[in-house]
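As structure tokens, the structure follows; a few thoughts come after it.
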Amino acid sequence: MALSLDEADRSQIAKMLAEVPLFASLDNKRIRTIASSFARKRYYDAGEVIEKEGDNPVVLYLITDGSVEVRRGKKTLSKLGPGKFFGEMALIDKQPRSATVVAAEPGTKCLLMTVWSFRAALETDPKLAMGVMRELARRLRQTTNALSE
Amino acid sequence: MSKGEEGSTLYLILDGLVAVRSGNRVLANLGKGNFFGEIALFDKQPRSADVVAVSHTTCLGITAASFERILQKEPKIVLGINRELARRLRNANVALTE
């Protein structure tokens, strides 16, 4: 079940966002605005499926506690921990989810931003859009390397 | 463009077709209106793949400095680039798990 955020969550988000490379180039005011766009939080048990490949995308996730595994079939594509986000690809290209994401630890906690807030933030904030561009390019280099191995 | 080379030029394909390769593997075929070379431009590391012309091809080379200026003037083009990068990443993830 998705829960509303409290004050502790809000200050944790702002602090975390300032350290995430994607958001680090933004000023404090923008970071607070983006922090306020995360509307819900959810807790997951180890092994619980957070997103399933092929589903329609609704939200972007920021991990605040625990960790997740990104999988396709039986293969694990990556492991992500606190401060990392996921779910952005399907929000950007408007296609179904490209992979399944599973909580890897008990008490894994994610903050959720709706697709509408995320798209609005990208359109109004060129620096954020450029941060996403750099992150996508970084991941593309990683997958290109993995493909050549 | 060769894998491992230094270089920060972004290429826009005006006409023709190119193949993006790593070893014997074709990672993508890109045609008119598409771009390549963006990875090394963003992370300033050596080229991540080879790019070979498949047919007679004309490309426009854009330097890193020009690209920065274009982005400052027209920030919305980043949204289009992001969609294309997400598409490529999705294809690469599929190829990785096949």
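Just so we're on the same page: letters track the sequence lines, and every chain starts at 1.
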Could you tell me which portion of [X] (side chain, backbone, both or neither) has an atom closer than 4.5 angstrom to a non-hydrogen atom of chain B?
{"X": "E123(A)", "answer": "both"}
{"X": "L77(A)", "answer": "side chain"}
{"X": "A90(A)", "answer": "both"}

message: Counting only non-hydrogen atoms closer than 4.5 Å, can you tell me which residues of residues 61-75 of chain A sit against chain B?
response: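 Residues in range: R72(A), K75(A).
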statement: The residue among N82(B), L71(B), I81(B) that forms side-chain contact (heavy atoms from CB on, under 4.5 Å) with M130(A) is L71(B)
Between [options], who has the most heavy-atom pairs with chain B when the cutoff is under 4.5 Å?
{"options": "R119(A), R141(A), R134(A)", "value": "R141(A)"}
{"options": "L147(A), N145(A), I92(A)", "value": "L147(A)"}
{"options": "M133(A), M89(A), Q142(A)", "value": "M133(A)"}

Quick one: what part of [X] sits under 4.5 Å from any heavy atom of chain A, side chain, backbone, both or neither?
{"X": "L89(B)", "value": "both"}
{"X": "R25(B)", "value": "side chain"}
{"X": "V94(B)", "value": "both"}

Non-hydrogen atoms of T144(A) and A49(B) that approach each other most closely: CG2-CB, 4.4 Å
